[in-house]
Amino acid sequence: MGSESLEKVFSGGCHCGAVQFEVVAAEDVIVHHCNCSICRKSDYQHLIVPQRKFKLKAGEKKLTTYQFNTGAAKHLFCRRCGVKAFYIPRSNPDGYSVNLRCLDRSAFRRIRAEAFDGVNWESAADKLRALSE
């Protein structure tokens, strides 16, 4: 995606609307499809952004956290509807992975998907580290 892509604020949230957030991202984005066990089961589409580009607007008390394996990633789910709209990924603990499915896809100019080999996380993680800088 070229440097001509402008950034703007995108609103998102869980299914029931209890959890709402904003994210600043380019109009042209790359999302990652991960093949790890949790992403495969939820068909999560990762849009990784730095912490400074994410703002939780509502629902902090409605979130619950799930951690597994190393416990480094903090998977945040709405207690009411069960949707994981965003989380703090192991690859980018200084950022957020927002589920593109929880944003208005029509607001983006271009979306490109790339595969990420989460099954072999240790050898693939460096590919994502710079995304939260």
Side-chain angles (χ1 to χ4, degrees):
M1 311 279 164
S3 60
E4 71 281 350
S5 182
L6 300 174
E7 286 192 329
K8 66 183 205 178
V9 177
F10 296 91
S11 296
C14 65
H15 186 260
C16 72
V19 176
Q20 298 174 21
F21 61 91
E22 291 179 343
V23 63
V24 176
E27 291 177 307
D28 297 342
V29 294
I30 297 172
V31 296
H32 292 91
H33 288 257
C34 178
N35 63 352
C36 79
S37 60
I38 195 166
C39 293
R40 256 191 348 261
K41 290 180 184 273
S42 64
D43 199 22
Y44 198 95
Q45 295 182 342
H46 299 264
L47 173 60
I48 299 174
V49 298
Q51 283 181 348
R52 70 183 182 283
K53 293 187 177 187
F54 178 89
K55 183 176 182 181
L56 182 61
K57 302 289 284 181
E60 183 175 4
K61 293 184 190 268
K62 296 289 185 191
L63 291 170
T64 189
T65 303
Y66 172 65
Q67 293 172 275
F68 67 97
N69 195 8
T70 66
K74 293 173 180 57
H75 299 270
L76 302 163
F77 294 84
C78 173
R79 290 179 189 271
R80 186 182 299 158
C81 67
V83 167
K84 178 173 75 168
F86 61 89
Y87 78 106
I88 301 168
R90 180 173 141 191
S91 63
N92 299 77
D94 57 343
Y96 286 90
S97 176
V98 175
N99 189 348
L100 188 73
R101 295 183 184 284
C102 294
L103 297 170
D104 178 7
R105 292 177 62 103
S106 69
F108 290 92
R109 188 170 67 176
R110 191 173 327 139
I111 300 168
R112 188 175 84 202
E114 291 184 357
F116 175 74
D117 188 7
V119 170
N120 298 297
W121 191 89
E122 287 74 12
S123 62
D126 283 341
K127 177 181 177 183
L128 302 178
R129 290 199 205 288
L131 297 176
S132 58
E133 294 176 347

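One-based numbering along the sequence shown.
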Taking [X] first and then [Y], would you say they form a salt bridge - that is, a charged N and a carboxylate O separated by under 4.0 Å?
| X | Y | value |
| --- | --- | --- |
| K62 | E60 | no |
| R101 | D43 | yes |
| E133 | R52 | no |

Same hydrophobic cluster for [X] and [Y], using side-chain heavy-atom links shorter than 4.5 Å among ILVMFWY?
| X | Y | answer |
| --- | --- | --- |
| V31 | F10 | yes |
| F86 | F108 | yes |
| V98 | V83 | no |
| I88 | L103 | yes |

Next on the checklist: Any side-chain to backbone donor/acceptor pair from R40 onto N35? Under 3.5 Å, distance only.
Outcome noted: yes

Checklist entry - Would you find a donor on one side and an acceptor on the other, under 3.5 Å apart, between the side chain of N99 and the backbone of Y44? => result no

Next on the checklist: Applying salt bridge (Lys or Arg N to Asp or Glu O under 4.0 Å), can you list everything that pairs with K53, at least two apart in sequence or on another chain?
Outcome noted: E7

Nearest 0.5 angstrom please: [X] [atom1] to [Y] [atom2], how far?
| X | Y | atom1 | atom2 | value |
| --- | --- | --- | --- | --- |
| L100 | H32 | CG | NE2 | 12.0 Å |
| L76 | S97 | CG | OG | 11.0 Å |
| S11 | K55 | OG | NZ | 11.0 Å |
| S91 | W121 | OG | CH2 | 6.0 Å |
| I30 | R110 | CD1 | CZ | 10.0 Å |
| N120 | C36 | CG | SG | 11.5 Å |

Looking only at heavy atoms, what is the nearest atom pair of [X] and [Y], with distance?
| X | Y | value |
| --- | --- | --- |
| L63 | R79 | O-NE, 3.4 Å |
| P89 | G95 | CD-O, 3.7 Å |
| K8 | A107 | NZ-O, 3.1 Å |

Checklist entry - With a 4.5 Å limit on heavy-atom distance, are the side chains of N92 and D94 in contact? => result yes

Checklist entry - Hey, are the side chains of H33 and E114 touching, using non-hydrogen atoms and a 4.5 Å cut-off? => result no

Item to check | Working for side-chain contact (heavy atoms from CB on, under 4.5 Å), residues L131 and V49 | outcome: CA-CA 6 Å; L131 297 176; V49 298; over 6 Å; no

Checklist entry - Between C78 and C16, is a side-chain contact (heavy atoms from CB on, under 4.5 Å) present by the stated rule, with each step listed? => result CA-CA 9 Å; C78 173; C16 72; 3.7 Å; yes

Next on the checklist: Within the 3.5 Å criterion, strictly below it, is a donor on Q67 or R90 matched to an acceptor on the partner's side chain?
Outcome noted: no

Checklist entry - Would I111 and R105 count as a side-chain contact (heavy atoms from CB on, under 4.5 Å) if you check the C-alpha gap in whole Å, the side-chain angles of each, and the deciding distance to 0.1 Å? => result CA-CA 8 Å; I111 300 168; R105 292 177 62 103; 4.0 Å; yes

Next on the checklist: Once you measure the plane-to-plane angle for F54 and Y96, does it fall in the parallel (<30°), tilted (30-60°) or perpendicular (>60°) bin?
Outcome noted: parallel

Checklist entry - How are the rings of Y87 and H46 set relative to one another: parallel (under 30°), tilted (30 to 60°) or perpendicular (over 60°)? => result perpendicular

Item to check | Chi angles and distances behind the side-chain contact (heavy atoms from CB on, under 4.5 Å) call for V9, V23 | outcome: CA-CA 6 Å; V9 177; V23 63; over 6 Å; no

Checklist entry - Quick one: hydrophobic cluster around F68, which other residues, with the 4.5 Å side-chain cut-off, linked directly or via members? => result I38, Y66, F77

Next on the checklist: Counting only heavy atoms from other residues, nucleotides and ligands, does the tally under 6.0 Å from NZ of K57 exceed 12?
Outcome noted: no

